[in-house]
Trainee: 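I'd like to ask some things about the structure below.
Heavy atoms only: backbone and side chains are in, while hydrogens, waters and symmetry mates are out. Counting starts at 1 for both ligands and their atoms, in listed order. Sequential numbering from 1 along the given sequence is applied to the chain's residues.
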Amino acid sequence: MSEAHVVTHLEDRVLTVRFNRADKKNALTGAMYTALAEAFTAANSNPEVRVVLILGQPDCFTAGNDLADFLAVPPSGPDSPVMRFMRSLANLEKPVVAGASGIAVGVGVTLLLHCDLVYCGEQTKLNMPFSSLGICPEFASSYLLPRLMGHARAAELLMLGEGFSAKKALECGLVNALLPNAEVEATALAKARQIAAMPPRAIRITKMLLKKWSLATVNESIDFEAAHFMAMLHEPEAREAISAFMQKRKPDFSSFN
Ligand code: COA
């Protein structure tokens, strides 16, 4: 990365981790996943970090996985950067706060399922277009979303792959509160600082207890989905969908069975 596409800043025991690739809508590359995994893993063992805060910019959280990267360097195993990123966030023992505004697509939505508090811009457009891209849900979303909102609503979001509003994300329990875009970051930071000032062991044990009963299945689900996801990336449906996005044209699935 010529300029840092993931920027970290530690202040008042809050580690801010910011996506910083605005020209590509903060689309996440392999190098960015590696940087994120390293930041989360280091935060876990650094006593100076009590809370992790994940941010993008007010007009864009992240457009999800970099689709050009998907074609050029498809993830291929448990040590892939994206897998290391997912495991490091799902298993992070310290509380995680996210401020998501503008655009949140794909893993930009599913990563929110692994945060403890999520503040969202009221105009934010969310989308999990996995099926439209010829791929399948990831980051344990096929397990966590039905538990969170019921099968019918999860199926609607994951099968139709249509964009949905921040209001719907709030109704579905995906986020804690909606705010004007310009206030998302300050609110998320204030909540992160509030937690950082609380008894750290009590916070860590509370988080451990909240996750304890689902964590093994979350990790199993991440691996199980990834096996399908990685295979599907090589299939004609995904190649056509992703090439069409890169070529700024409509995909044509008419010849597939
Ligand atoms: N991967 C790679 N590049 C991406 C990207 C992604 N996920 N999302 C956006 N970009 C790039 C665009 O190709 C464009 O690059 P260019 O300026 O070199 O042409 C730039 O970022 C700006 O994107 P653009 O599409 O012009 O912005 P927009 O405001 O019109 O639309 C989105 C924003 C997020 C709705 C649209 O970019 C999009 O649908 N992106 C794909 C999201 C996606 O499918 N993610 C993967 C989920 S698994």
Side-chain angles (χ1 to χ4, degrees), residues 1-3 5-6 19-36 54-76 80-83 85-86 89 98 100-114 120-121 123-142 144-145 154 156-166 168-169 174 181 221-222 225-253:
M1 283 180 282
S2 48
E3 113 190 70
H5 289 157
V6 172
F19 308 132
N20 184 41
R21 197 183 175 220
D23 60 325
K24 294 288 183 187
K25 304 286 175 187
N26 290 335
L28 298 167
T29 60
M32 291 169 77
Y33 285 128
T34 298
L36 292 163
I54 304 178
L55 298 171
Q57 287 82 40
D59 65 341
C60 185
F61 184 56
T62 165
N65 204 106
D66 187 294
L67 291 172
D69 237 33
F70 259 166
L71 282 187
V73 212
S76 60
S80 307
V82 65
M83 295 303 292
F85 155 74
M86 290 196 277
L89 182 56
S101 50
I103 295 168
V105 186
V107 73
V109 178
T110 58
L111 77 80
L112 301 177
L113 294 164
H114 301 273
C120 185
Q123 304 302 326
T124 304
K125 294 185 167 70
L126 303 99
N127 194 0
M128 292 180 283
F130 305 116
S131 53
S132 315
L133 288 169
I135 48 181
C136 66
E138 34 74 316
F139 214 169
S141 57
S142 63
L144 291 170
L145 285 170
E156 185 182 28
L157 298 184
L158 287 174
M159 284 186 175
L160 296 180
E162 292 172 340
F164 57 102
S165 66
K168 182 153 189 168
L174 201 54
N181 269 12
S221 172
I222 288 172
E225 291 168 340
H228 288 278
F229 192 101
M230 288 178 190
M232 290 171 91
L233 273 178
H234 297 276
E235 298 289 334
E237 291 181 7
R239 309 296 289 184
E240 166 59 11
I242 297 173
S243 304
F245 173 78
M246 302 314 301
Q247 294 160 13
K248 302 186 190 294
R249 63 172 172 82
K250 264 185 161 330
D252 176 6
F253 302 114

Trainee: Side chains of Q123 and N181: is there a donor and an acceptor less than 3.5 Å apart?
Mentor: no
Trainee: How far apart are the closest heavy atoms of F253 and E237, and which atoms are they?
Mentor: CE2-O, 3.6 Å
Trainee: To the nearest 0.5 Å, what is the distance between OG1 on T110 and CG on L126?
Mentor: 11.5 Å
Trainee: Would one find an N or O of L67, backbone or side chain, under 3.5 Å from an N or O of ligand 1?
Mentor: yes
Trainee: Ligand 1 versus D69, non-hydrogen atoms closer than 4.0 Å: side chain, backbone, both, neither?
Mentor: neither
Trainee: Identify, by atom number and element, the atoms of ligand 1 in contact range of K248, meaning under 4.0 Å from any of its heavy atoms.
Mentor: 19 (O)
Trainee: Can a protein heavy atom be found under 4.0 Å away from atom 25 (O) of ligand 1?
Mentor: no
Trainee: Please report the interatomic distance SG(C60) to NZ(K24), rounded to the nearest 0.5 Å.
Mentor: 13.0 Å
Trainee: Is at least one protein non-hydrogen atom found at under 4.0 angstrom from atom 32 (C) of ligand 1?
Mentor: no
Trainee: I'd like to check the ring pair (Phe, Tyr, Trp, His ring centres under 6.0 Å) partners of F85; sequence neighbours left out, ordered by chain and number.
Mentor: Y33, F139
Trainee: Is there a protein heavy atom at a distance of less than 4.0 Å from atom 21 (O) of ligand 1?
Mentor: yes
Trainee: What protein heavy atom is closest to atom 39 (O) of ligand 1, reported as residue, atom name and distance in Å?
Mentor: F245 CE1, 3.9 Å
Trainee: Only heavy atoms count here, so choose which of A241, A63, G163 is nearest to atom 45 (N) of ligand 1.
Mentor: A63
Trainee: May I have the step-by-step check of side chain to side chain contact (heavy atoms under 4.5 Å, CB included) for L111 and F61, ending in yes or no?
Mentor: CA-CA 11 Å; L111 77 80; F61 184 56; 4.0 Å; yes
Trainee: If you measure from atom 17 (O) of ligand 1 to every heavy atom of K24, M246, M128, which option wins on shortest distance?
Mentor: K24
Trainee: Which residue and atom name correspond to the protein heavy atom nearest atom 7 (N) of ligand 1, and how close is it?
Mentor: N65 O, 3.0 Å
Trainee: Test L28 against D69 for side chain to side chain contact (heavy atoms under 4.5 Å, CB included), laying out the working first.
Mentor: CA-CA 9 Å; L28 298 167; D69 237 33; over 6 Å; no
Trainee: For atom 48 (S) of ligand 1, which candidate among I103, L133, L71 holds the nearest heavy atom?
Mentor: L133
Trainee: For atom 27 (O) of ligand 1, find the nearest protein heavy atom and state the residue, atom name and distance (0.1 Å precision).
Mentor: K25 CE, 3.2 Å
Trainee: Kindly write out the residues that satisfy side chain to side chain contact (heavy atoms under 4.5 Å, CB included) with F245, not counting sequence neighbours, or none if the list is empty.
Mentor: L67
Trainee: If you measure from the Lys or Arg side-chain nitrogens to the Asp or Glu carboxylate oxygens, is any gap between K168 and E156 under 4.0 Å?
Mentor: yes
Trainee: Within a radius of less than 6.0 Å around CE of M159, do more than 12 heavy atoms belonging to other residues, nucleotides or ligands occur?
Mentor: no
Trainee: Establish whether atom 35 (C) of ligand 1 and some protein heavy atom are separated by less than 4.0 angstrom.
Mentor: no
Trainee: To the nearest 0.1 Å, how far is atom 6 (C) of ligand 1 from its closest protein heavy atom, and which atom is that?
Mentor: A27 CB, 3.5 Å
Trainee: What part of V105, side chain, backbone, both or neither, has a heavy atom within less than 4.0 angstrom of ligand 1?
Mentor: side chain
